[in-house]
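We name chains A, B, ... by the order of the sequence lines, and we start the count at 1 in each one. Below, each value reflects all heavy atoms present in this structure, side chains not excepted, and no hydrogens, waters or symmetry copies.
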Amino acid sequence: MSTDAKARASLPADALSLPGWYYTDSEHFRREMDRFFAGGWVHAGRAEEIPTPGDFVLREVAGESLILVRGDDSTIRAFYNVCRHRGTRLCEAASGNCGGFLRCPYHAWAFDLAGRLVAAPQMDDLPHFCREDYPLIGAAASTWDGHVFVSLAESPRPLEDALGDLPGRLRPWGMDELRLGRRTVYDVAANWKLIIQNYSECLHCPGVHPALQRLSHFLSGENDPANESYLGGRMSLREGIETLSMDGARRRPFLPGLSEADRRLVLYYAILPNLLLSLHPDYVMTHTLHPRSVGRTEVVCEWHFHPEAMSQPDFSPEDAASFWDMTNRQDWHVCEQMQLGVASRAHRPGPYSNREDLLHGFDRLVRVDG
Amino acid sequence: MSTDAKARASLPADALSLPGWYYTDSEHFRREMDRFFAGGWVHAGRAEEIPTPGDFVLREVAGESLILVRGDDSTIRAFYNVCRHRGTRLCEAASGNCGGFLRCPYHAWAFDLAGRLVAAPQMDDLPHFCREDYPLIGAAASTWDGHVFVSLAESPRPLEDALGDLPGRLRPWGMDELRLGRRTVYDVAANWKLIIQNYSECLHCPGVHPALQRLSHFLSGENDPANESYLGGRMSLREGIETLSMDGARRRPFLPGLSEADRRLVLYYAILPNLLLSLHPDYVMTHTLHPRSVGRTEVVCEWHFHPEAMSQPDFSPEDAASFWDMTNRQDWHVCEQMQLGVASRAHRPGPYSNREDLLHGFDRLVRVDG
Amino acid sequence: MSTDAKARASLPADALSLPGWYYTDSEHFRREMDRFFAGGWVHAGRAEEIPTPGDFVLREVAGESLILVRGDDSTIRAFYNVCRHRGTRLCEAASGNCGGFLRCPYHAWAFDLAGRLVAAPQMDDLPHFCREDYPLIGAAASTWDGHVFVSLAESPRPLEDALGDLPGRLRPWGMDELRLGRRTVYDVAANWKLIIQNYSECLHCPGVHPALQRLSHFLSGENDPANESYLGGRMSLREGIETLSMDGARRRPFLPGLSEADRRLVLYYAILPNLLLSLHPDYVMTHTLHPRSVGRTEVVCEWHFHPEAMSQPDFSPEDAASFWDMTNRQDWHVCEQMQLGVASRAHRPGPYSNREDLLHGFDRLVRVDG
């Protein structure tokens, strides 16, 4: 209760949820896509997905198809998936290795892995044509502990500046070493902000997540003050519980860098605008949000494990994945019910409780009226 | 012909059908939903659907999800399906019994059957929080002879005022006693007004409904003068015909309150904006219109019978239901063909005949230019 | 190469492809439909489809349903599919014979094959009603060598004026004598202009159509100068190749009117806005474009043969149809990939090569800024 009092102390007495149009207005959605997604650093996958030169994946960011490709110099770059000749999509496959070149399927213009135009059939004999004038259009790409972020902004501030002290604090979990154990993709009929808000409070846990409530008491959460790049904090495992899994048992070693204290915690951070990072004693879960429309969000959930644990003959991600798959679906359901409700003419902003301080912080970031 | 001449006398010589955009413009549809549906008394079902306290049904009116629930005092109330905390839908099931409370699935706020907030976890310790400030938002609900109507208007005039002398005139059919025998739901690709217009003239009957024409001559209709709450009149059964059924035979007693004269008639009334009431000697049929978009209307058709007839071992609604199901589908089809045609740039208002006087009256009510 | 130099001489040095919004903006699509489709002569089928009086087909032009019907005087006429009473669609069947009258299914108004109102039940006794005031609304219809064109323009210039010298030059292929051998309908997720542009250059042929490239070298094409009614030219068959078919073999006689020189050519003409005409030594292929939205086009592809060839016991359209079906699908695919790419914020107009001169000509016709 002292935690509550402290948190509440920072909330104004009239802290209310957002008006409904924030979740239902298509024009406002486009503005948010421009401001938070096109304008920010968006989580776009893991570096391990494209380990060797020529490896690529396609990612959709703010309605744009981007090619993430590893260059001959091992650098990961991002390019718009648009040929400089007549605008055709260069890549169709969702992932693969393109060899040394991205070649347009229409008229065979070819670009190297740094985006330079290296072949343009029937163009070279034109007097005014210079290949140098037509490189691929790039986007900024940067990596933190194996997470790849991209930005469509003209001159984005460095990713490190945006992340602040978080990389140092999360270093013990050694995310760069981890490898993918399971991926599940969800199509959620809710605005992207509802999913972040849902992730940022556990007041709903007793009613919505009885199984989670048995593993960690919903009042055990302690939130950092909200800031403009991330929102989050930590919750404690109950006595006798070793991780978040169906039965609370842990089936693999602790992640190697964790202290005794870290081993009793689950950390939860929403890295704005689209990465939800959940750090457990023995695995890391990520949710990557891809807003598709004002009322629809694709959520890619991944479970990451230490390669040593994965190399054991009896390794399985199942305990972690099935617990969270159940919990995810419970969350999407209430988010979808809230999406429906806030569209009503009868909806008006309601009061936040002490346990919804991060939502109040988040709302301030996305408000357009102050 | 004298009837025709009389009716025509009240029509101006230049009586023309509405311009096509009344049936195809999405913006105008929203205005009509506000004016006629959100602003009027909308038919929302039958009281028999929720006989005991805690029984509820969901109804969609003008895009809003409403909960119709019977209270501990037996009164039927309507509430917007929106929690006062963060706006989540309170009810998901289309119908059921909620016990004594409507409880939000997200954070467990609970409301009693009169809409009062009675539990709000983690809120009560906040200094400025008063449960009394957060009751459910209600809508007006009123009942006439078993028909439940709701209004989203702030201060709707009483339902009785809107209905005028109609309840007295329809008293003999004893609709409050009747019980549901069959329900069929149709998805019609036509504007809601086309369905009301189609219902309001039988000039199309010889060509579109040959079976109906054998039971009642299309020129036997006599319309009341149109007024702002309802449109309708009566038609006579042909000699030897006892009701509207596949063969014109009547398979159950007359409704108990009918006079000799009433037993030879079928009454048809469009109660604006969304109830079509067809009173037969031995049963009552209702069509309830739920506009879904400018070009699409869900129509719920129900057949209601006297409980004594229904208690007979050989009772079946089949003769009435199959005759009207055939006739309904013939009507929806021409409505859909008219919906397609009025969208053309070649469409222009056409002349109404003597037999389309109710349409002219209806059009005057929905016209925005006078 | 001398051809290239000549073609390029007529292109300005800064010839660039169109900005992306020409292919993605729904408002602009509506303007194009008005200007090029409602305002021009649109290919609407073949006269052989309605050989006898009363035969009709429905065609959709610029969002309008038109009835093409052959009159008692053998003339083909076009009428909007809209009754003059209340606007209902007169015809539903895609084709058929209506007898001597088009009769509305709703209230039985009837029109003769010249569009005159001949019956209007319950109307004739109205003092001010004159049947002559309510004929069907017509559209212009005209025929060239078996091809039926319609125009929604008030006073279109004669079709012959629009076609210029083309009918004379294409006379040898005797298209009026040909008969339909195969029809395939495609649903292409691309703007209509992308399909015309794709048809108007063979620079993509080596990469996209390896089979076609084996039959005719992509540099063998010679284009006429673009003009406002049609774009096209001719390509030569390689030595030993007799027509465009899977193996380059010809399985039927030459079309009877062709000269020795004509027999070595394939002619390709885009008759604006919606007919692609491909004339082979032994058959004629047509693509008729029906734009459905800014990003979707229905394409009707037909293969037409000489009746004498069709009367042979071993006649089959298969060699021509299967070759082109494969080739069509390759084209639709790159058009769809270009449709996706030009929607990107990273897309900007790119440079045209010597082999894309017809596209530059076409773009000038559809540009709204000059």
The interface call for B:L359 against chain C, heavy-atom contacts under 4.5 Å, is side chain
Between the SG atom in C:C104 and the NE2 atom in B:H204, the distance rounded to the nearest 0.5 Å is 11.5 Å
Please evaluate residues C:I137 and B:H347 with respect to the criterion side chain to side chain contact (heavy atoms under 4.5 Å, CB included), reporting the C-alpha separation (whole Å), side-chain torsions for both, the decisive distance (0.1 Å), and the verdict. CA-CA 9 Å; C:I137 310 290; B:H347 173 255; over 6 Å; no
Checking C:Y106 against B:Q337 for the side chain to side chain contact (heavy atoms under 4.5 Å, CB included) test, could you report, in this order, the C-alpha distance in whole Å, the side-chain angles of both residues, the deciding distance, and whether it holds? CA-CA 9 Å; C:Y106 204 165; B:Q337 291 299 308; over 6 Å; no
Given B:Q197, B:Q330, B:H333, B:E336, the one with more heavy-atom pairs under 4.5 angstrom with chain C than any other is B:H333
Within residues 58-90 of chain C, contacts to chain B at heavy-atom distances under 4.5 Å involve C:A62, C:E64, C:Y80, C:V82, C:R84, C:H85, C:R86, C:G87, C:T88, C:R89
Scored by heavy-atom pairs under 4.5 Å with chain C, the best of B:A346, B:P351, B:S17, B:G350 is B:P351
Separation between CD (C:Q122) and CG (B:L203), nearest 0.5 Å, reads 6.0 Å
Bottom line for B:E356: the part with an atom under 4.5 Å from chain C's heavy atoms is side chain
